[in-house]
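Just so you know, these numbers use all the heavy atoms, side chains as well, and skip hydrogens, waters and symmetry mates. Chain letters run A, B, ... following the sequence lines, proteins first and then strands; every chain starts at 1.
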Protein chains: 2
Amino acid sequence: MKDVAEHARVSVSTVSYVLNDSGPVAPERRNRVLDAVRLLEYSPNESARSLKRRSASTIGLVVPELTNQFFAMVAEGVQKAASTRDVLVVLCVPDATGQPEENHAKLLRSQRLDGVVYLSGTGTLPASILELSRFGPVVLVDEQIPGFDLPAVACDSRRGAREVARHVLDQGHRRIAVIGGPSALWTAQQRLAGYREAFAAAGMDPDGVPVLVGDYRQDSGRELAAQALAGPEGERPTALLCANDLMAIGAVEYCKSVGIRVPDDVSIVGFDDLPVSALITPRLTTVRQPAHDMGYHAVMALFDILENKESESLGLQPTTVQLRDSVGPPPGGNS
Amino acid sequence: MKDVAEHARVSVSTVSYVLNDSGPVAPERRNRVLDAVRLLEYSPNESARSLKRRSASTIGLVVPELTNQFFAMVAEGVQKAASTRDVLVVLCVPDATGQPEENHAKLLRSQRLDGVVYLSGTGTLPASILELSRFGPVVLVDEQIPGFDLPAVACDSRRGAREVARHVLDQGHRRIAVIGGPSALWTAQQRLAGYREAFAAAGMDPDGVPVLVGDYRQDSGRELAAQALAGPEGERPTALLCANDLMAIGAVEYCKSVGIRVPDDVSIVGFDDLPVSALITPRLTTVRQPAHDMGYHAVMALFDILENKESESLGLQPTTVQLRDSVGPPPGGNS
DNA sequence: TTGTAAGCGTTATCAT
DNA sequence: ATGATAACGCTTACAA
């Protein structure tokens, strides 16, 4: 920067003024500076800048894993939103083993991160999030934490769940089982609540529907489907409501492995609309979550918080049911 | 830090010595410092540290998109490797439109990034990579750039391709079509070369095998499969060698849509072994690339380069053929 | 073994 | 409108 100042025969402060539009400077000198910048390929040292400004122009994104396409989509939204303000996104993937985001707290504390977007798909304990939020703003995305009202961007899981469930009921199904998510998770609670609303609306007793609790992973879908479909053919459920696509895919897998036809023998629905869900056979009927948008809005909300203004980006995004091939009428016809 | 020094009744340099093990300090005073650090929840300002050290402890990861699970797996490897040294990974997803990584070059120049791991799955022009490498070390992962020997970590595509092709030939297929990747890409070239080696080894004329050039995306697999399978049933290829899984999935999709059975009527193989490939019907025979390891080693190589030492992490990783259900004997029996 | 002090490259305050 | 100059929080000679 000193070099630039010399080449342009001005002072360093003038260079700074030009670069940041932070002071008045005569057009002619401004051009001299700009020329020198180009000539010397000068680019300001961002560490020095952050030091002075006490802001790193960097946010953290905490995701449990990237290979889950849902998280990947959120991440892309986060990245895109951040890039609208030239803010960097650092990727934090908490170690499955070991101390998780105590680490991230340190990043926040040490001013390497201005804030964090936190995606806890697997239900990391609130404690670590709260620890984080002691040191800087944290916006939750997808998963909320009931007790603690932290700012969050999520989608209207309950509505989506209610609507797929209604679709299944409309087909005539009455013997239904739910394969739910971890009961500690907000999304799992919401989806279950949505299903139950639909049951009630159809004149069923919600408490009469068995709920198996899974962990949102494919394996648990497979295992719980086995459990749910164990009874004799005339008594077992004709439809499985799975709280996410991964478990639904596991359920489909199980059915295939034992010769139960989907949707002829049993209908299955998921939740999330992962890209893979339209690729498997049968194509999965599910609920689309605006993953990309959630990531995007979470970052916008974070920006608003960093600037101490009310954010309109917080809140619930809409979901949409994706009607596909994994749902049909119950085997015996409408009962 | 000054606060810590005061609480511990030592000077700031002593605090620094303790925190970095960079100077001798009496055990008793060291403890006083450590206590003060805990008491005050002190955490050093990393901006100031970077400023002084001229290193940001941060690397960039450039990927074309995260929703491609292959890239996501590489990214996870990168993240894991970086975290072994408390180095941050910033996610750079070049804008599809607009000026791409001129931007990233600036990040390198402005010392926000110490180096970059570059994954150019879609074949971004070498120019932008070279621009990048003017300002800091760049390690390529997955895709190499023939003319320019930049450090790269990739896998032995040629061998993998040769081996799947041999598997297909062993089944008796002789009327074969290749759905290749963009011819400018190293991986596409390698895979094609591998296929041809297998053809030659089986006594076929490699030049007699039609090669359709795709772009590694699912759509192009669908379209090119249509093209490849256009001829009358007795003359069309009995096997499709696809240079990646996405295109193979597209090809399977096309076959399903027009009632061609896989593998009964036509066998299809892919390359990459995306998680989804084992989920579709039929399960796709393909070649596994050690995506995670490539990302991991790329970062290790980058670290070595930053420390000016020879790196042993560079070079080719092994591939393994995944035998599954999308390959069978050719329709007429072995010809 | 410990402390003093000189930077690192910016920004921002204050004179001019 | 412009230019000195003092921070920002840390590391590291160098001196004691």
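- The residue among B/Pro27 and B/Ala48 whose nearest nucleotide of DNA chain C is located toward the 5' end is B/Pro27.
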Extract all donor-acceptor atom pairs below 3.5 Å that involve side chains of residues 82-94 of chain B and protein atoms in other chains or at least two apart in sequence.
unit_1, atom_1, unit_2, atom_2, d
B/Ser83, OG, B/Lys80, O, 2.8
B/Thr84, OG1, B/Ala81, O, 2.6
B/Arg85, NH1, B/Glu307, OE2, 2.9

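- Considering only heavy atoms from C-beta on, A/Leu130 comes within 4.5 Å of A/Leu150 through its side chain.
- Heavy-atom contacts of chain B under 4.0 Å fall on DNA chain C between two terminal nucleotides, which in 5' to 3' order are C/dT1 to C/dG9.
- Both B/Val12 and B/Leu51 sit near DNA chain C, but only B/Val12 has its closest nucleotide nearer the 5' end.
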Side-chain donor-acceptor contacts of residues 139-148 of chain A below 3.5 Å, not counting sequence neighbours, with atom names and distances?
unit_1, atom_1, unit_2, atom_2, d
A/Glu143, OE1, A/Thr187, OG1, 2.8
A/Glu143, OE2, A/Trp186, N, 2.8
A/Glu143, OE2, A/Thr187, N, 2.7
A/Glu143, OE2, A/Thr187, OG1, 3.3

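- Residues of residues 14-24 of chain A that place a heavy atom closer than 4.0 Å to DNA chain D, in numerical order, are A/Thr14, A/Tyr17, A/Pro24.
- In the helix from C/dT1-D/dA16 to C/dT16-D/dA1, the end axes, each obtained as the rotation axis mapping the C1' atoms of four pairs onto the next four within a five-pair block, lie 40° apart to the nearest 10 degrees.
- B/Glu41 CD: more than 12 foreign heavy atoms inside a 6.0 Å radius.
- Listed by chain and number, the residues in a salt bridge (charged side-chain N to carboxylate O under 4.0 Å, His left out) with B/Arg29 amount to none (sequence neighbours excluded).
- B/Ser50 contributes a side-chain N or O that, together with a main-chain N or O of B/Glu46, makes up a donor-acceptor pair within less than 3.5 Å.
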Quiz: residues 57-74 of chain B side-chain donor-acceptor pairs under 3.5 angstrom, not counting sequence neighbours:
unit_1, atom_1, unit_2, atom_2, d
B/Thr58, OG1, A/Arg112, NH2, 3.1
B/Thr58, OG1, B/Ala56, O, 2.8
B/Glu65, OE2, B/Arg217, NH2, 3.0
B/Thr67, OG1, A/Glu76, OE2, 3.3
B/Asn68, OD1, B/Phe70, N, 2.8

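- For the salt bridge (charged side-chain N to carboxylate O under 4.0 Å, His left out) test, residues two or more places apart in sequence or in another chain that qualify with A/Arg32 are A/Glu28.
- Counting only heavy atoms from C-beta outward, the side chains of A/Leu314 and A/Ser311 approach each other to under 4.5 Å.
- A search for salt bridge (charged side-chain N to carboxylate O under 4.0 Å, His left out) contacts involving B/Asp21 returns B/Arg30, not counting sequence neighbours.
- By the 6.0 Å contact criterion, NE2 on B/His7 is open, its count of non-hydrogen atoms from other residues, nucleotides or ligands being 12 or less.
- Across residues 32-47 of chain B, B/Tyr42, B/Pro44, B/Asn45 each have a non-hydrogen atom less than 4.0 Å from an atom of DNA chain D (numbered order).
- Side-chain N or O atoms of A/Asn20 include none that pairs as donor or acceptor with a backbone N or O of A/Ser22 at under 3.5 Å.
- In this structure, A/Glu131 pairs ionically with A/Arg134, as a charged nitrogen and a carboxylate oxygen lie closer than 4.0 Å.
- First and last contacting nucleotides of DNA chain D toward chain A (any atom under 4.0 angstrom from a heavy atom, 5' to 3' order): D/dA1 to D/dG9.
- Across every non-hydrogen atom of A/Pro182 and A/Ala188, the tightest pair is O-CB, 3.2 Å.
- Qualifying side-chain contact (heavy atoms from CB on, under 4.5 Å) partners for B/Val12, counting only residues two or more places apart in sequence or in other chains: B/Met1, B/Lys2, B/Ala5.
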